[in-house]
Amino acid sequence: MSVIELHNLRYRWQGQSQDTLAIAELQVEQGEHLFIRGASGSGKTTLLNLLAGILKPASGSLTLLGQTLHNMNPAARDRFRADHMGVIFQQFNLLPYLSVRENVQLPCHFSARRKQRAGDVQGAIERLLEHLGLDRSLWQRAVTELSVGQQQRVAVARALIGSPEILIADEPTSALDTDTRDGFLELLFREAQVQGSTIIFVSHDPHIASHFPRVVDLSSVNGASMVE
């Protein structure tokens with residue numbers, strides 16, 4: 001089943017003479033792990049913002065889980081994003097005044113659907129943190145007391161809580177060394193596999209592409225070419 005479908009999608013920033021994105025067609029299946037690469041300015045962030053419903057395409061269609069986001073009102077798009085997407089940001093965006101547990105629980109405060117899917121929320125938090133290898137002694141600490149690698153695990157757990165269908169990872173490994181980066185990818189793939197989540201991973205680092213079964217390159221002259 002296709003989780004994401006793009007047809008003749010075009011987006012152009014106001015005042016520009018050329019399209020930032022021009023994707024003829026792209027389909028992403030349920031449970032697929034997709035890597036999106038491209039140099040700075042190739043449209044990676046624009047594509048993520050379109051997928052998240054933050055931006056609306058100039059033309060074409062974008063369907064997620066059978067729903068056309070750009071036909072929804074802003075409140076409905078926000079609700080869809082909260083219910084169905086987990087996001088891992090480049091800088092993690094953890095709340096410094098909250099503990100590890102509280103940061104992971106945040107999506108369940110904003111989405112009744114994810115809270116329901118998590119079931120026993122505290123139990124779900126504990127299972128995720130254990131699977132991700134974060135020592136129990138750290139769970140009540142503020143995230144500012146954690147190392148970068150530990151904060152990364154918290155960010156992954158927060159994105160995964162409540163089993164969202166789509167995980168978006170926006171340059172989350174840019175500041176990591178090779179060993180830490182590879183360990184992070186292994187953890188992410190393992191947990192997403194357990195939940196059946198689809199991964200959309202964006203980076204300018206070409207070395208990460210070898211970890212993914214499918215790659216989309218946004219750096220071609222005509223906007224976006226598909227690389228299997």
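Judged by distance alone, the side chain of Asn103 and the main-chain N or O of Leu95 form a donor-acceptor pair under 3.5 Å. The main-chain N or O of Val143 is found under 3.5 Å from a side-chain atom of Gln151 such that the two form a donor-acceptor pair. Of the possible polar contacts, none joining the Asp19 side chain to the Ala22 backbone as a donor-acceptor pair under 3.5 Å is found. Side-chain N or O atoms of Arg158 include one that pairs as donor or acceptor with a backbone N or O of Phe92 at under 3.5 Å. With Arg190 contributing its side chain and His131 its backbone, the two residues share a donor-acceptor pair below 3.5 Å. A donor-acceptor pair under 3.5 Å links the side-chain atoms of Ser197 to the main chain of Pro164, judged by distance alone. Panel note: side chain Arg81, backbone Ala52; a donor-acceptor pair is recorded below 3.5 Å. A side-chain donor-acceptor contact under 3.5 Å links Glu171 to the backbone of His204. A donor-acceptor distance shorter than 3.5 angstrom exists from the side chain of Gln195 to the backbone of Leu160, with no hydrogens or angles considered. At least one donor-acceptor pair under 3.5 Å links the side chain of Arg114 to the backbone N or O of Met85.
Between Phe212 and Phe201, the ring-plane angle classifies as tilted under the 30° and 60° cut-offs. Taking the six-membered ring where tryptophan is involved, the planes of Trp13 and Tyr11 are perpendicular, since the angle between them exceeds 60° and thus also 30°.
The 12-atom threshold is not exceeded at CD of Gln116, counting heavy atoms of other residues, nucleotides or ligands nearer than 6.0 Å. A 6.0 Å sphere centred on CD of Glu29 holds more than 12 heavy atoms belonging to other residues, nucleotides or ligands. Atom CD of Gln30 sits in a sparse spot, with 12 or fewer heavy atoms from other residues, nucleotides or ligands closer than 6.0 Å. Crowding of Gln27 atom CD: a count of heavy atoms from other residues, nucleotides or ligands under 6.0 Å exceeding 12.
Closest non-hydrogen pair, Arg77 versus Met72, comes out as NH1-O, 2.7 Å. When all heavy atoms are compared, the tightest approach of Ser61 to Leu9 is O-CD1, 4.1 Å. Annotation for Ile199 and Ala192: closest pair CD1-CB, 3.6 Å, computed over non-hydrogen atoms. Considering all non-hydrogen atoms of both residues, Ile36 and Lys44 come closest at O-CD, 4.1 Å. In plain terms, the two heavy atoms of Ser111 and Ala82 that are nearest each other are CB-O, 3.5 Å. In terms of heavy atoms, Leu129 sits closest to Ala157 at CD2-CB, 4.0 Å.
For the atom pair Arg181 CZ and Asp205 CG, the distance stands at 5.0 Å (nearest 0.5 Å). One finds the CD atom of Gln140 at 5.5 Å from the CZ atom of Arg101 (value rounded to the nearest 0.5 Å). With rounding to the nearest 0.5 Å, the separation of CG in Leu21 from CZ in Arg12 is 12.0 Å. Note that CG of Leu62 is 7.5 Å distant from CD1 of Ile4, once rounded to the nearest 0.5 Å. Between the OG atom in Ser2 and the CD atom in Glu32 there is a gap of 9.0 Å [rounded to 0.5 Å]. For the atom pair CG (Asp83) and CD1 (Ile166), the distance works out to 11.5 Å, reported to the nearest 0.5 Å.
The shortest side-chain heavy-atom distance between His33 and Gln193 falls under the 4.5 Å cut-off. Leu132 has its side chain within reach of Val156: a pair of non-hydrogen atoms, C-beta onward, lies under 4.5 Å apart. Within the 4.5 Å cutoff, the side chain of Val104 has no heavy atoms near those of the Trp139 side chain. Residues Arg136 and Glu126 meet the side-chain proximity criterion, which asks for heavy atoms closer than 4.5 Å. Contact check for Ile88 versus Leu167: no side-chain heavy atoms found under the 4.5 Å cut-off.
In terms of hydrophobic clustering, with Ile, Leu, Val, Met, Phe, Trp and Tyr side chains grouped at heavy-atom distances under 4.5 Å, Ile54 and Phe80 are assigned to different clusters. Hydrophobic clustering (ILVMFWY, side-chain heavy atoms < 4.5 Å, transitive): Tyr97 and Phe89 are in distinct clusters. Residue Phe110 is grouped with residue Leu98 when hydrophobic side chains (ILVMFWY) are merged at heavy-atom distances under 4.5 angstrom, including chains of intermediate members. The hydrophobic clustering, which links ILVMFWY residues whose side-chain heavy atoms are closer than 4.5 Å, places Leu188 and Leu146 together.
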Test side chain to side chain contact (heavy atoms under 4.5 Å, CB included) on Val87 and Asn93 and set out the steps. CA-CA 10 Å; Val87 182; Asn93 289 3; over 6 Å; no
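Evaluated for a side chain to side chain contact (heavy atoms under 4.5 Å, CB included) with Leu6, the options Thr63, Leu51, Leu64 yield exactly one hit, Leu51.
Look at Arg117 and Glu165 and you find a salt bridge, because one of the NZ, NE, NH1 or NH2 atoms lies within 4.0 Å of a carboxylate O, short of that distance.
For the residue pair Gln150/Glu145, the side-chain donor-acceptor check at 3.5 Å is not satisfied.
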